> 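For reference, the structure I am asking about is given below.
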Amino acid sequence: MDKITVSKIVCLLFAVEASIIPDNYNRERTALLEEETLKAVGGKQILNANETIANNILMKWKMKELNTSHDDPLHFNFSEHYFSYKKNIEKSKVYQIIRRMPKGAVLHVHSTLMLHADILIKLTYENHLHVCYENEGILLYFSESTPKLGCPSNWALVSDLRNSSGDPVAFDSQFKKYFTLYKGDEQEYDFVDITTTWKRFHTVGRAIGSLTAYRPVREKYCYEVLKQYYTDNIMYIEMRMGLYGLYELDGTRHAKEYLVELHKNVTNKFIKDHPDFIGVKLIITQSRSQNIDRARDTLNATRRLKAEMPDMIAGLDFVGQEETGKPLTYYLPIFSEAKDEINFYLHAGETAWLGTSADENLVDAILLGAKRIGHGYALTKHPSLMSAVIKKDIALEVNVISNVVLSLVHDVRNHPLASYLALGLPVVLSSDDPGAWSAKPVSHDFFVAYMGVASKHADLRLLKQLAINSITYSSLDNERKARLFSVFNRRWDNFVKDVISDVFLSESV
Ligand SMILES: *[C@@H]1O[C@H](CO)[C@@H](O)[C@H](O)[C@H]1NC(C)=O
Ligand SMILES: *[C@@H]1O[C@H](CO)[C@@H](O)[C@H](O)[C@H]1NC(C)=O
Ligand SMILES: *[C@@H]1O[C@H](CO)[C@@H](O)[C@H](O)[C@H]1NC(C)=O
Ligand SMILES: *[C@@H]1O[C@H](CO)[C@@H](O)[C@H](O)[C@H]1NC(C)=O
Ligand SMILES: *[C@@H]1O[C@H](CO)[C@@H](O)[C@H](O)[C@H]1NC(C)=O
Ligand SMILES: *[C@@H]1O[C@H](CO)[C@@H](O)[C@H](O)[C@H]1NC(C)=O
Ligand SMILES: [Zn+2]
């Protein structure tokens, strides 16, 4: 057959196929897809002329970067462990746009696990820091003489060890591994079970917690947190924080309330240096391993602190691995004692096990009137609870990278966030403990959610809506919320102009 005959046959085939598709089919198909787009988070955002240009630039890069992996699914980075592609993230143009994008607020982060190990290591240069090497990790303590705390090895001065090592750079790069689950290039990226991960996570948390319990270090740490988050384009933070007494070099301990006052002072200082930063509020936390009397102490302390410093206290939460900790029902008696005074922002459903107490914590979080739910990972499996979340407009604080690192999901395309976004649920993106795995404050989380979880079609409207949600669902009063919106809008317009003029896309990050 010659070429012309072949093409005639092909044309004929197409004609036949076209004729059996009903006229209205494509119209209905388009209408269904449009309905879904409109329903999804960001679907109702309308972009102005400049935003539309910026969006085209964003989408051009997104398609370019995603197409490479669609063509070769073996190299679809987001179906691998976060640690395996982490070091490549910053090369992405989409990431560079996201990093510069104003992201509003961060509403789910734990106060001591917010900073990268590279910054923590600098704090280990403070004088009088002793280290005790334990089975898995380290414990740190500042004092003029050898600490009296028990230690399975011997306490040693970090400055001595660093000096006697002969290679301070090598010493630091080993030492900082105690502050992060991310071990760099030599790490194997196997997924491990949830209990193993949480054990490693606690070891890291113990090292960082012991470094930041010393008052002078905590002050510096706190200021540095604000600086890093501000640089990541975050203008307001709600931090979850347990109450405990910081100590001084001579061993004196402050009352646990002092920690809140310190955060207030450091925040004020930061605002003085950066007037468009709105501030910090704290969600006081109680470990789920503690009994009800300890929880009542924490609740009462939260009430007192809220009465004294209403601008600093958002509410209360329970923390720790849900599957092994006490269920919310255990604490029911005390929730009712303060429900009119204290708002709850509850971790619930951070589990892959359906029908367990961790899974059913979702029921209690809803019934107890939680303003937001931390994770809510299990929610899609509960249609009635999902309806209740929509009806009561309870925001979901989603932390995709945390769910990967803490062994809930392997391939982020299967993360329930995809469904939450499609259903238009009130979602806020956050990063949980970015310091514990050396992530950027929240930009890595936005990037992975945007590229790995959201629809291929999801564009600037989604990103803008997520930023707006973080302000809308914050615990700020109306006046401060309005101020945050105006700072956000101004920064957003500048961001759009920057994307259009491409001022930073070629810049190294
Ligand atoms: C769009 O960008 C141009 C050039 O930067 C600027 O003059 C104009 O005000 C912008 N329009 C909007 C609606 O932001
Ligand atoms: C990416 O693939 C889609 C089709 O899957 C195509 O429409 C688009 O032009 C491609 N983009 C680039 C930059 O290659
Ligand atoms: C995925 O990883 C490869 C290297 O393994 C990198 O070249 C590429 O830019 C990454 N893609 C994305 C979207 O991060
Ligand atoms: C480091 O060790 C050397 C001897 O090995 C000593 O001379 C020096 O003073 C030490 N420096 C500090 C800062 O301890
Ligand atoms: C906070 O600042 C006030 C006023 O300067 C000061 O009296 C107080 O001691 C400070 N508290 C802490 C914990 O730093
Ligand atoms: C907590 O506050 C309640 C109500 O004010 C009070 O009855 C209770 O004794 C307090 N408990 C503790 C442990 O302080
Ligand atoms: Zn959390």
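Both counts, for ligands and for their atoms, begin at 1 and track the order of listing. Not measured: the values here are computed from a predicted model.
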> Strictly below 4.0 Å, N to O, side chains only: are K264 and E261 in salt-bridge contact?
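Between E261 and K264 there is no salt bridge, as every charged N stays at least 4.0 Å from the carboxylate O atoms.
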> Using a 4.0 Å cut-off to any heavy atom of L262, which atoms of ligand 5 qualify?
13 (C)
> Looking only at distances, please establish whether an N/O atom of ligand 5 is found under 3.5 Å from an N/O atom of E219.
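In this structure, E219 places no N or O atom under 3.5 Å from an N or O of ligand 5.
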> Please check this pair: side chain of S431 against backbone of V442, looking for a donor-acceptor N/O pair closer than 3.5 Å.
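Checking the backbone N and O of V442 against the side chain of S431, no donor-acceptor pair under 3.5 Å is found.
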> Flag the pair E238 and R372 as a salt bridge only when some basic side-chain nitrogen lies within less than 4.0 angstrom of an acidic carboxylate oxygen.
yes
> Heavy-atom contacts with Y258 under 4.0 Å: which atoms of ligand 5 show up? List them by number with element.
13 (C)
> Number the atoms of ligand 1 from 1 as they appear, then name those within less than 4.0 Å of a heavy atom of N48, with their elements.
13 (C)
> Using a cut-off of 2.8 Å, find all protein N, O or S atoms closer to the Zn ion (ligand 7) than that distance.
H108 NE2, H110 NE2, H347 NE2, D432 OD1
> May I ask you to list the atoms of ligand 1 that are less than 4.0 angstrom from any heavy atom of K497?
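Selected atoms, number and element: 5 (O).
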> Under a 3.5 Å distance rule, please check whether K381 uses its side chain to pair with a backbone N or O of Y377 as donor and acceptor.
no
> Indicate whether atom 2 (O) of ligand 5 is within a distance of less than 4.0 angstrom of some protein heavy atom.
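Under the 4.0 Å cut-off, atom 2 (O) of ligand 5 does have protein heavy-atom neighbours.
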> With a cut-off of under 6.0 Å to the ring centre and 45° to the axis, is K62 in cation-pi contact with Y450?
yes
> Distance below 4.0 Å between atom 9 (O) of ligand 1 and any protein heavy atom?
no
> Kindly say whether L107 contributes a backbone atom to a donor-acceptor pair with the side chain of R240 at under 3.5 angstrom?
yes
> Once the angle between the rings of Y95 and F447 is folded into 0 to 90°, is it parallel (under 30°), tilted (30 to 60°) or perpendicular (over 60°)?
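Y95 vs F447 ring planes: perpendicular.
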> May I ask you to establish whether K339 and F335 are in a cation-pi arrangement, using a distance under 6.0 Å from NZ or CZ to the six-membered ring centre and at most 45° from the ring axis?
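No, K339 does not sit over the ring of F335.
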> Are D232 and K440 within salt-bridge range, i.e. N to O under 4.0 Å?
no
> Using atom types as modelled and distance alone, determine if a side-chain donor or acceptor of T203 lies under 3.5 Å from a backbone N or O of K199.
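Answer holds: yes.
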> Cationic tip of K86 within the cone over Y182's six-membered ring, i.e. under 6.0 Å and within 45° of the normal?
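Verdict for Y182: a cation-pi partner in K86.
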> Starting from atom 12 (C) of ligand 5, find the nearest protein heavy-atom neighbour and note its residue, name and distance.
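Checking every protein heavy atom, the shortest distance to atom 12 (C) of ligand 5 gives N265 ND2, 3.2 Å.
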> For ligand 1, find out whether one of its N or O atoms is nearer than 3.5 Å to an N or O atom of N50.
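N/O-N/O distance below 3.5 Å exists for this pair.
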> Tell me, which protein residue and heavy-atom name are nearest atom 11 (N) of ligand 5, and how many Å apart are they?
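Heavy-atom neighbour on the protein nearest atom 11 (N) of ligand 5: E261 OE2, 2.7 Å.
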> Is atom 5 (O) of ligand 1 touching the protein, meaning some protein heavy atom lies under 4.0 Å away?
yes
